[in-house]
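Down below is the structure, laid out as structure tokens.
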Amino acid sequence: MRTRRFSTAFAAALVLGAGLVTSAVAPAQAAPIHQHAKTPVAQGYGGAVVSDTAESTQAGLDVLRSGGTAADAAVAVASTLGVTDPYVAGIGGGSYLVYYDARTHRVSTIDGRETAPGADGPSMFLDPSTRQPLSLPAAVTSGLSVGVPGTLATWQRALQRWGRFGLAEDLRPAEQVAERGFVVDPTFRELTRQNAARFAQFGSTAALFLPGGAPPEVGSTLRNPDLAKTYREIGKLGISALYGGPIGTDLVNAAQHLPLAPGATLVARPGPVALSDLRAYHALDADPTQVNYRGLDVYGMAASSSGGITDGEALNILGNVDLAAMTRVQALHHYLEASRLTFADRNRYLGDPRYVDVPQQQLLSPSFSRQRACLIDPAKAGVSPVAPGDPFTGSRSCPPPSGAAVPVPDREHHTNHFVVADGAGNVVSCTNTIEEFGGSGIVVPGRGFLLNNELTDFNFAPTQGSAPDPNLPAAGKRPRSSMSPTIALRDGRPFLAVGSPGGATIITTVLQILVNRIDFGMSLPDAIAAPRASQRNTATTQAEPAFIAAPATRGLAALGHKFAISDTSPLDPTIKTSPDIGDASGLEFLPNGTVLAAGEPARRGGSAAAVIHPTR
Ligand code: GLU
């Protein structure tokens, strides 16, 4: 383990001649950094955190210890993830946050989704010369994909509603980690390697993440003094520093005039995000989705995310049968089929509710769940694409599906999910994103954070045949998300908080964890660690190698299910990626009053779970 003598930005600026990064001159005088150990499971009381990195979990614990609420700790965790997990989160991106308030016993949500700038429109991802949709890589690594970020506004809103401290105080741990640096682990290096070619296109990005022109070595220390300064400035000026102030000006400049490195070969596609878009942005208070599953009240994110509605509908469908009484093959078959059907409905009906009528109540009604459940044939797998149902019929019989059966491409990308509970019993389940690993690839010069490419979550062209597509781009619209931070109550008190990253696989990961825990009786750590499969209305179900190798999978194959792993980058099929699905974290509130905090033992390098007072 070693500490770089210079900030990585300085080293890269020397090699690449980028010279753009003011933090390049910041001396690295901090003491050597010691890598914190991560442990995926903890149990105890007084408060708990599970997140992707040891530093972010530590930041949350520190804020809890000093008297912060779960909301304060969530801001500390998320802002530290912006430092230590910068390819998936940060103030350049968006968030969804679900909160259980121990005083009112109510669950609330904040929709901090990115929005399309006012100058965007339906043809934003069409090539102006051909009128054909841009390729995904061209759209992702561009200014076009950059939505107005919502994460910082989410933090502010959460603190206004449930915080005890201010933003400046809650950002301090992250500021310190950014200043001091963190130790690069194999996961961070690997993600840098996968993105190195596009990071090299931008001087500011290369200077920060490709020190010496290459991914940082495992064991080296990566500092981000620009981000420390940015957090300090936000602490002083408030969020208006970004939503209209000097940080916003730099952000707009980066999207409109891409900070290309000398010799960059990228076809520059700037984006229209403007200071007026930043000024107009609001994180939205939204009512959660709610379904009852086996006596639990399960709350999730309503649209603009498809997470809560799609998971809720799938749970309703599964509620029509007794999975626990079935063979494992039959139970998994039902899990896969429920997911197949709900993805058809998701793709047909879900989008930003400020732009399209989302029939949430109908999709989550028991009668619609029966209508969909009766299409599950215990003897064979459905043939995808299956058609969406008609949630407006209210029929109690088993009508044939009404809409067109259309294949809809969806992708898995990655963000992070974390959970926090405080000693008073407040709970946060929050998913953050900048969309792809590495977002748009653009670091805002001098500011130390990556810009999202969230707008590529819109469908570039209609997908629903003759029916309207609810997820086409429009000015000011929020692209449909799959993020599904979830809190389940039993008798009005927290039982589970869970969530995961993974693009569209988020929905199936959350569903599978709930089924594993509630129906199969696994412990929460086992429910999270279990091999995953993700059926999203495609002919072949995406699965992890361990799921494909499991004994029950032979039985599923006999019913007609086909499985395949997914292990190449959506941006470049020659780049191998991990076949893992998701990267979950969760809390279970046990009858003896302790909290079981659980994350991934292995996926994406494992999670960091911790509690204030451990009991084991
Ligand atoms: N952009 C994705 C979504 O909103 C999240 C990114 C991810 O988890 O990979 O659904």
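For ligands, and for the atoms within them, numbers begin at 1 and follow the listed sequence.
- At least one side-chain heavy atom of Pro259 sits less than 4.5 Å from a side-chain heavy atom of Ile442.
- Listed for the Thr230 side chain is a donor-acceptor partner under 3.5 Å among the backbone atoms of Arg447.
- Contacts between Arg480 and ligand 1, counted as non-hydrogen atom pairs separated by less than 4.0 Å, are absent for every part of the residue.
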CA sep, side-chain torsions, deciding dist, call: Asp285, Arg161, salt bridge (Lys or Arg N to Asp or Glu O under 4.0 Å) | CA-CA 10 Å; Asp285 292 344; Arg161 295 182 71 182; 3.1 Å; yes
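- The shortest N or O to N or O distance between Gly502 and ligand 1 is under 3.5 Å.
- Neither the backbone nor the side chain of Thr431 has a heavy atom within less than 4.0 Å of ligand 1.
- Considering backbone and side-chain N/O atoms, Gly503 comes within less than 3.5 Å of an N/O atom of ligand 1.
- Residues satisfying the ring-ring contact (aromatic ring centres under 6.0 Å, His included) test with Tyr100, not counting sequence neighbours, are none.
- Interface atoms of ligand 1 facing Thr433, defined by a heavy-atom separation under 4.0 Å, are 5 (C), 6 (C).
- Listed by first and then second residue, the salt bridge (charged side-chain N to carboxylate O under 4.0 Å, His left out) pairs involving residues 469-486 are Asp111-Arg478 (not counting sequence neighbours).
- The shortest heavy-atom distance from Arg113 to ligand 1 is under 4.0 Å.
- Listed by number with element, the atoms of ligand 1 under 4.0 Å from a non-hydrogen atom of Pro501 are 8 (O).
- A salt bridge is absent between Arg198 and Asp572; no separation between the charged side-chain nitrogens and carboxylate oxygens falls under 4.0 Å.
- For ligand 1, the atoms closer than 4.0 angstrom to any heavy atom of Glu454 are 1 (N), 2 (C), 4 (O).
- The two atoms that bring Ile506 and Ser482 nearest to each other are CG2-O, 3.3 Å, heavy atoms only.
- Counting atoms of ligand 1 from 1 in the listed order, those under 4.0 Å from a heavy atom of Ile506 are 8 (O).
- In this structure, of Val88, Asp457, Asp583, the residue bringing a heavy atom nearest to atom 2 (C) of ligand 1 is Asp457.
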